[in-house]
Amino acid sequence: MLYSKNGYHDSRVIEGARVIDPAEGIDAALTVTVEDGVITKLEPGEVRNGYVLAPAFVDPHVHLRTPGREDEEDIDSGTRAAAAGGFCAILAMPNTDPVVDSAPVLRALRQRAREEARVPVGFLAAITRGQRGDELTEMAELADAGAVAFSDDGLPVRSAGTLRHALSYQKLAGRVLALHEEEPSLSGHGVMHEGAVSALLGLTGIPSISESTMVARDAAIALYEDARIHIQHVSARETVTAIERAKAEGAKITAELTPHHLTLTDEAVMSLDPNFKMNPPLRSADDRRVLIEALRSGAIDCIGTDHAPHSREEKEQPFEVAPMGVTGLETAFAALHTELVLPGHVSLGLLVERMTAGAAPFDLDTPTLAKGALANIALVDLAAEWEVGEAGYESRSANCCFAGRRLTGRVRMTVAGGAVAYRERSFAIGAV
Ligand SMILES: [Zn+2]
Ligand SMILES: [Zn+2]
């Protein structure tokens, strides 16, 4: 549904790369032919470079800041950042200004995306009007107008009764509810993870149970209503336990992990750099270990970046008052490759699988390299080392939590919906 074919009429042969598609059981040196945007041939070849050709990634969690804060990101810059990160499709959150809570706002946004987007964008609509947490949006009408799913992301759905009501509509509208899980009476005015580091710094903490208790509550309601929920940006050990338990009980629940929670801990906050401030916060080394294990086991289904651009002026404030959120589209693959694959925590195949798996909870097709499939391809140079931010960003914002770090692995080209959406400058591959 998202990956409609772009008008693209030529053929392209990619040779010399290692081709990986875990879903198709492919890990071999192959020559791949793309004709008119469709993969038409996969033939034995030989590896002649350090490139890996994989299905392009799907990000189920992006903030495009449009409408309302185009100074931070717009559809063009946000989808350029996505393409540069190897993503062939992204899902945008509705906590914009105005909130995407009515069909006219959604239709206007989808029209803008048709004109400006470099990769397909699916838009979520709000669960409650103005994300105020009380009155439900017209979910059936929004689904008809093209809402991919529903979310009040940025905020939890405080009231259990409101969530139950929304889930009863969810079954009719057939779109999943994506939930930002936080119990406000526990998270309060916290600015970082509650633990040894917050105690040392004297900063107000957000305890892990703020997240896990809401997940347990919402999973119980979803199970009771036989409805589907997707848990956003899981950060804590206790939450993984709650999700495992809910899945074991038969709840229809999926969940995502961010690159920053998988690669960083609250130790980073010792620097008081606001680029390490996000919600949920970076947690302990123990939480991080459990998240990596959950990614490996499949207890958590997929990767979502929670790419959240903020202006320089806002992020240059002291840690306590700076807004929460970091960008992540352009660094997701490289950060995870550097911190999880190279040290041997997960295999490259598993990482690719989890970075494409964000499609399934939203009933989108998972990108594949199977013959006959629309070409959604990421071409990655696994050996390339680069410093994040040294050449700027495609995103309009620079609040990246990996800024200044050296990462290994770089996306050289992205094909989305059959057309080249990104190609690194000065990069050419055996294209015919
Ligand atoms: Zn959120
Ligand atoms: Zn978010």
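Both counts, for ligands and for their atoms, begin at 1 and track the order of listing. All heavy atoms count here, side chains included; hydrogens, waters and symmetry mates do not.
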Carboxylate-amine/guanidinium proximity below 4.0 Å for Glu115 and Arg112: no
Distance filter under 2.8 Å, centred on the Zn ion (ligand 1) - protein N, O or S atoms that pass it: Asp153 OD1, His180 ND1, His233 NE2
Check ion pair Glu138-Arg129 (N to O, under 4.0 angstrom): yes
Mutual orientation of the aromatic rings belonging to His337 and Phe333 [parallel < 30°, tilted 30-60°, perpendicular > 60°]: parallel
Option among His260, Glu211, His261 that satisfies the side-chain hydrogen bond (donor to acceptor under 3.5 Å, both in side chains) test with Ser235: Glu211
Partners passing side-chain contact (heavy atoms from CB on, under 4.5 Å) against Val105 (at least two apart in sequence or in another chain): Pro98, Val100, Ser102
Salt-bridge present (Arg237, Asp286; N to O < 4.0 Å): yes
